[in-house]
Amino acid sequence: MITKQATEQEFEQAFYFIERLWDYNVYDKEAVRNVYKEILADENSFAFFLCDENGEYCGFCHGSFFLTFWMSGMTCYLASIITDEKYRGKGYGRLMVDHVKKLAKARGCKAIILDSGMPRKAAHVFYERYGFEKSCYGFELFLE
């Protein structure tokens with residue numbers, strides 16, 4: 001398995017994973033494409049794929065680095081992580097989080113944080129087994 005930094009040319013592969021991560025959402029593909037481009041251009045963001053030895057895409061991950069008062073320093077927000085369904089349970093999610101840990105440590109982060117949709121129960125089990133702890137409730141306020 002290898003991690004491969006995402007490129008603009010791989011938008012279709014990224015979109016495949018994004019649609020499956022939040023399968024209860026409806027996406028405007030061009031809006032997602034624009035966000036994807038912005039993430040790739042942002043020095044405080046990262047996006048990568050997990051690929052097998054044959055170059056097949058097994059997973060996708062993206063996040064960002066930012067300063068927080070809560071951590072009194074740099075923090076890594078793991079925004080998206082998904083393993084293709086046919087590869088789940090084989091340790092690929094762990095490999096992606098391991099890579100995020102390396103990126104976060106290189107940036108001097110004090111923690112990795114994430115949130116996860118309520119319906120994603122299997123993902124919650126994975127996060128807790130990895131060592132993440134439940135630390136808060138997540139809320140959202142949609143703006144018009």
Side-chain angles (χ1 to χ4, degrees), residues 1-68 70-140 142:
M1 288 294 139
I2 60 164
T3 56
K4 179 182 180 307
Q5 186 168 330
T7 66
E8 280 192 43
Q9 294 76 24
E10 293 168 307
F11 171 72
E12 292 298 328
Q13 290 88 347
F15 190 71
Y16 168 85
F17 286 105
I18 291 164
E19 282 188 306
R20 282 148 186 82
L21 180 57
W22 298 285
D23 59 359
Y24 44 89
N25 197 6
V26 177
Y27 294 96
D28 175 329
K29 192 171 187 177
E30 289 311 305
V32 173
R33 183 186 310 273
N34 290 333
V35 170
Y36 181 75
K37 286 179 184 179
E38 287 185 41
I39 287 168
L40 296 182
D42 181 358
E43 66 183 32
N44 289 314
S45 295
F46 60 87
F48 65 87
F49 293 97
L50 183 69
C51 298
D52 68 14
E53 299 77 23
N54 298 320
E56 186 166 341
Y57 296 86
C58 304
F60 177 71
C61 185
H62 119 267
S64 59
F65 307 106
F66 63 101
L67 290 169
T68 64
W70 173 58
M71 285 289 154
S72 300
M74 194 62 94
T75 304
C76 177
Y77 177 64
L78 180 51
S80 310
I81 181 170
I82 185 166
T83 303
D84 195 328
E85 194 169 354
K86 65 184 173 185
Y87 294 107
R88 291 186 187 153
K90 298 180 180 181
Y92 297 161
R94 177 169 286 281
L95 290 173
M96 286 190 285
V97 177
D98 287 347
H99 187 67
V100 171
K101 276 175 68 174
K102 288 178 191 170
L103 296 173
K105 286 181 178 183
R107 287 293 292 257
C109 293
K110 294 185 172 187
I112 299 170
I113 61 172
L114 62 85
D115 52 36
S116 183
M118 299 298 284
R120 302 190 67 234
K121 305 264 187 245
H124 304 164
V125 171
F126 165 74
Y127 299 138
E128 289 177 342
R129 283 187 183 152
Y130 190 92
F132 286 91
E133 296 177 15
K134 291 179 187 172
S135 62
C136 65
Y137 288 101
F139 297 92
E140 57 193 15
F142 291 97

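The analysis underlying the following values was restricted to heavy atoms, covering all of them including side chains, and did not include hydrogens, waters or symmetry mates.
Taking 4.5 Å as the limit, every side-chain heavy atom of Ser80 sits out of range of all side-chain heavy atoms of Phe17. Looking at heavy atoms from C-beta onward, Cys76 lies in side-chain contact with Val100 at the 4.5 angstrom threshold. Under the 4.5 Å side-chain criterion, counting only non-hydrogen atoms from C-beta, Ile81 is in contact with Tyr127. Met1 places none of its side-chain heavy atoms less than 4.5 Å from the side chain of Met96.
Using cut-offs of 30° and 60° for the angle between ring planes, the Phe60 and Phe49 rings count as tilted. In this structure, Tyr137 and Phe139 have tilted ring planes: the angle between them lies in the 30° to 60° band.
In this structure Lys86 satisfies the side chain to side chain donor-acceptor pair (under 3.5 Å) test together with Glu56, sequence neighbours excluded. Partners of Glu30 under the salt bridge (Lys or Arg N to Asp or Glu O under 4.0 Å) rule, at least two apart in sequence or in another chain, are Arg33. Residues satisfying the ring pair (Phe, Tyr, Trp, His ring centres under 6.0 Å) criterion with Tyr130, sequence neighbours excluded, are Phe132.
Pairing each heavy atom of Ile113 with each of Phe66, the nearest pair is CD1-CZ, 3.9 Å.
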Legend entry - Residues Glu43, Arg107; criterion salt bridge (Lys or Arg N to Asp or Glu O under 4.0 Å); working and verdict: CA-CA 11 Å; Glu43 66 183 32; Arg107 287 293 292 257; 6.0 Å; no

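Considering Tyr57, Tyr92, Tyr16 as possible partners of Asp84, the one that fulfils the side chain to side chain donor-acceptor pair (under 3.5 Å) test is Tyr16.
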